[in-house]
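Lettering follows sequence order; numbering is per chain, from 1.
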Number of protein chains: 2
Amino acid sequence: MAEREAALVAWRHLLHAVRRRERLAEQKTGLTGAQLFALRQLVTYPGVTIGELGRLTSTDASSISVVVSRLLDKGVAQRVRDPLDQRRWRLHATEAGVARLERAPDSADLLLADAIATLPAKSRSTLARQLEALAEAVEGTGQPVNEEQRKATRD
Amino acid sequence: MAEREAALVAWRHLLHAVRRRERLAEQKTGLTGAQLFALRQLVTYPGVTIGELGRLTSTDASSISVVVSRLLDKGVAQRVRDPLDQRRWRLHATEAGVARLERAPDSADLLLADAIATLPAKSRSTLARQLEALAEAVEGTGQPVNEEQRKATRD
DNA sequence: CATAAAACTATGGGGTCCCATATATTTCAT
DNA sequence: ATGAAATATATGGGACCCCATAGTTTTATG
């Protein structure tokens, strides 16, 4: 019944809420949700590459590549060739970028993080486990579902 | 600490898993994730309107309108003017649409629903409550509403 | 050492999403 | 009854997302 689908509905509510919040933040900051989130990773992990950033944000490298190019255009990020590997760019937030983030306290990713942080520790870890289990289930089927945990290659 | 962000990471993992699963299902069925989900609602709630479908799927009416137009083009849905209100379309899945859905047992929305269904009842309802709470937090907060444009879009 | 294979980033295709707007129809006030 | 306000759907803009693929550079292999 409705009971059985409540979590699925709630999942969509959260998705919708996040997307709308991202639009609001965009109007206020001029940076989209994806841009804000990527930029925040750059502040936290200075010098990451495109590929690493993709793994950090759980998006395809080709997707994050486009997002980064916009960050560069807007002057909130910089890139430098990795001297040890000329294929890679090392990415950094600029001063302007950091300032821009500080003026975006109600971006979707932060509100979500804050909301999660206010959960009791136990609920929080349960939630994390459940979401990972769901991701695993959605990911796994269709392709060989190995009991043995896939090579994790953690981020 | 990583602990504090585990749920946020898990959230993104699930998002990524769903998007990738939708691509796989698309290759197999010729219908995108949004199309499959909308079509399934049409089977469950025959005769819904565009607006109702938007509320059912937690998406903007203008977004679902485009998705529906593709369903119509593909012949998996039909529409008829509501005789009582000439602005509205009444939407239905066609036979072909129903058949198409039956051949898509591993679509993202179904896999997610199944995974949720396999959770213990208690965990399931807790998850639903938590996700709703997060949606509420993301939606509600930060919204200074500063008088300005405030279109009550409750659903 | 030369070359094939793998890794990294970028580009383009087709879809989705929200918002702002436009048009048609219905409902509400006066 | 008539004009104004609200409602329903559609269109276009700009960004995102995944996948396929291409061009470089690096690593592995014979």
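- In this structure, B:Q27 reaches the sugar-phosphate backbone alone: every heavy-atom distance under 4.0 Å involves primed, P, OP1 or OP2 atoms, never a base.
- Counting only residues at least two apart or on different chains, the salt bridge (charged side-chain N to carboxylate O under 4.0 Å, His left out) pairs with a member in residues 109-124 of chain A are A:R40-A:D109.
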Quick one: what's the B/S/- string for nucleotides 6-16 of chain C, heavy-atom cutoff under 4.0 Å, read 5' to 3'? BBSSBB--BSB

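- Every residue meeting the salt bridge (charged side-chain N to carboxylate O under 4.0 Å, His left out) condition with B:E52, not counting sequence neighbours, appears here in chain and number order: B:R90.
- Atoms CG (B:L91) and P (D:dA8) sit 14 Å apart, rounded to a whole Å.
- Across the protein-nucleic acid pair, A:F37 atom CZ and D:dC16 atom P stand 14 Å apart, rounded to whole Å.
- Rounded to an integer number of Å, the gap from B:E22 CD to D:dC19 C1' is 14 Å.
- Nucleotide D:dC17 holds its P atom 15 Å from the CG atom of B:L14, rounded to whole Å.
- Both B:R19 and A:Q86 sit near DNA chain D, but only B:R19 has its closest nucleotide nearer the 5' end.
- Residues satisfying the salt bridge (charged side-chain N to carboxylate O under 4.0 Å, His left out) criterion with B:R87, sequence neighbours excluded, are B:D85.
- For the pair A:H16 and C:dC17, the criterion of a side-chain N or O lying under 4.0 Å from OP1 or OP2 is not met.
- Salt bridge absent: B:E139 and A:R21 never bring a charged side-chain N and a carboxylate O closer than 4.0 Å.
- A:R100 pairs by the salt bridge (charged side-chain N to carboxylate O under 4.0 Å, His left out) definition with nothing, not counting sequence neighbours.
- B:W89 is linked by a ring pair (Phe, Tyr, Trp, His ring centres under 6.0 Å) to nothing, counting only residues two or more places apart in sequence or in another chain.
- The distance between atom CG of B:D82 and atom C1' of C:dT27, rounded to the nearest whole Å, is 15 Å.
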